[in-house]
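Here's the structure we're looking at; comments come further down.
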Amino acid sequence: MKLANGIDLDNITPENELEEEIIADFKAGKTKEVITRCPPEPSGYWHIAHAKAWTIDFETAKKFGGKTYLRMDDTNPLKEEGEFSDSYMQDLAWLGYKPDKLIFASEAYFDDIYKIAEQMIMEGKAYVCELTADEVSATRGTLTEPGKESPYRNRTPEENLRLFRDMRDGKFEDGKATLRAKIDMAHPNMNMRDPVMYRVLRAKHYKLGNKWCIYPMYDFAHPLEDALEGVTYSLCSKEFLDHRPLYDWFIENGWKKPFAPKQREFSRLTIENVIIGKRYLKQLVNEGYVNGWDDPRFPTLVGVRRRGYTAKAIKDFVKSVGWGNVLEVTVPYSALEYYVREDLNAIATRTMVVLDPLKVVITNYGDETEEFEIENNPNNEAAGKHKSIFSKEIYIEKEDFSLNPPPKYNRLVEGGIVRLKGAYIIKCNKVVLDKNGEVDHLECEYIPNSKSGNDTSGIKCKGTIHFVSAKNCFEVTIRNFKNLVKDEYKNPAKALSEGTPISEILEPNSLTETTALAENFLKNAKIEDKFQFMRKGYYCVDKDSTKDHLIFNLTISLKDGFKISK
RNA sequence: AGGGGUGUAGCCAAGUGGUAAGGCACUGGAUUUUGAUUCCAGCAUUCGUAGGUUCAAGUCCUGCCACCCCUGCCA
């Protein structure tokens, strides 16, 4: 079956129940177009779990040639701020998504929602209740007992309409009245026990100022917003499953038109050892544990981006988790790291950077320099090559030389040989110690006919190490990150909610700065450029870098298969 | 007078009556001028549990058990 937009339904393989349902809806003529919405409350920065939701919203629509709207769900003036829509647009752009529309629910729909409320009042489906918040709570009943009906429940529609307009016109103080849906105080689903539709709230709305002193509740506003803008599938996380009957009730009793949006629910994503709750993230920022919302150790989208994670990695990761069966799926951090490495391996330019330098003097080499080439990406010939330099004085990684090598140590030892990546094989003839007995530098000889590419020496070398030439390197700052949360706190949210102090669950020294020697090739690296420092890890240029001084963030280390055998 | 959701390996997850996909992690081994990548192999005689129906059950039925969510004038 071919859709109006040219998509052939028969070519689509459904990957979850929703997609099966969408196909069935198309075939039954119930759906003409897939329209989803991405409905953030503009009150904080997005993190990886949001990326899962938005990926589902956008990818589902895209699969069927549909549309996705970005809709600010701004029905609570107490919590929302105006700053966020730009940052959300940027986050979405980074993820590679462009909403078909940007909507501010307050601006676009408050009038319509208000009218629907009046209409429901006249139909006897809503009433003005003057119980206080505490009284409402006390009469709601419990999980096992029915609630009590409000004494205001049976007012006439006319009286309710007059009172509701009084609410709107500011004749009630905050908290003195609500508009409630007349459903069933004995309903086994707590959400159906005459839920509040509107509350009186005098607060300056970031968008509408003081235009309103009553604000619709999420449960009432959301389904109507969906309906008003033609959203066909309204996707949210599973904690809203219990709200679905209410959603449908408002569609049936408030919206009343034949077109009905559907709410469907996916599982929420959490990652082991990651703090994701907005409240705690805010605390970390405010108390100075991190350097802002885009700290590279943060799970915010701006944070992981600054860390060097790619949008592709994030999307592949959240897609790998899938739609989900349970309310919340928890995956180990390594699951995310896999996708980060996978993408970086494909795109990162290979370079040589010595993080912890040890000087090596090539005693049988003159003062000249010599060029050689390094493949930018051995897995992708099209990435090309870049030139590097070999000379008499070079630096290697301290850990690539050992006076007391463990078993199966492939690197340089006293009297041993090693291949310098892209250049020559060298032999260590002499270890020069400083006055403290530490290794000061090495004196090596190079094997002249062993140059990479035309090695005629016939020497087999079991190890290859990276290096930089003293004549071809410059100092850069490296920011090394460890997970913010100690490894033993797999579920930091639980620990925190049980009263563990935030300082206790945090890894001390999760940020350290070091200086490294980078090959000159890196001199014109730009912010966010991603590199592999060969044999070490993936790094990207931090935004704190200046023209004269580059700062690299450790995105993620390479997997290290070398195990010091027991 | 509670309601709703979920149980398949350490983790995520396919599976829709025909004999347990795939991925992560892990373990071997091959290739490698990155101890990376890549490749190959191993990793559930069994699907929360006890019965039942059936030639055949992870799938259907019944009982039981476990875990998660719901008592905001938050979203």
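Computed over heavy atoms, backbone and side chain alike; hydrogens, waters and symmetry mates excluded.
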Under 3.5 Å, is there a donor-acceptor pair linking the side chains of D74(A) and S106(A)?
yes

Passing candidate, side-chain hydrogen bond (donor to acceptor under 3.5 Å, both in side chains) with E519(A), options K387(A), H466(A), H386(A)
H386(A)

Quick one: are the ring centres of Y45(A) and F84(A) less than 6.0 Å apart?
yes

Can you give one letter per nucleotide of nucleotides 68-75 of chain B, 5' to 3': B if a protein heavy atom sits under 4.0 Å from the base, S if only from the sugar-phosphate, - if neither?
SBBBSBBB

Looking at the angle O4'-C1'-N9-C4 for a purine or O4'-C1'-N1-C2 for a pyrimidine, is G72(B) syn or anti, with syn meaning within 90° of 0?
syn

Note: K204(A)-E80(A) ion pair, threshold 4.0 Å (strictly below):
no

Interatomic distance at C1', G42(B) relative to A9(B), whole Å
14 Å

Applying a 4.0 Å non-hydrogen cut-off, can you work out what E15(A) is touching in the nucleic acid: base, sugar-phosphate, or nothing?
nothing

Between D174(A) and R199(A), is there a side-chain N and carboxylate O pair less than 4.0 Å apart?
no

In the strands shown, is A66(B) matched to any nucleotide by a Watson-Crick or G-U wobble pair with both distances under 3.5 Å, and which?
U6(B)

Lys/Arg N to Asp/Glu carboxylate O, E59(A) vs K63(A), below 4.0 Å:
no

May I ask which nucleotide in the shown strands pairs with A25(B), Watson-Crick or G-U wobble, both distances under 3.5 Å?
none

If I pick the P atom on U6(B) and the same atom on A13(B), what distance separates them, to the nearest angstrom?
12 Å

Who pairs with Y338(A) by ring-ring contact (aromatic ring centres under 6.0 Å, His included), at least two apart in sequence or on another chain?
none

In whole angstrom, give me the gap between the P atoms of G48(B) and U16(B).
16 Å

For each nucleotide in nucleotides 33-43 of chain B, reading 5' to 3', give B when a protein heavy atom comes within less than 4.0 Å of its base, S when such contact involves only the sugar-phosphate, and - otherwise.
BBBSB------

Does the structure place the NZ or CZ of K207(A) under 6.0 Å from the centre of the six-membered ring of F104(A), at an angle of no more than 45° from the ring's axis?
yes

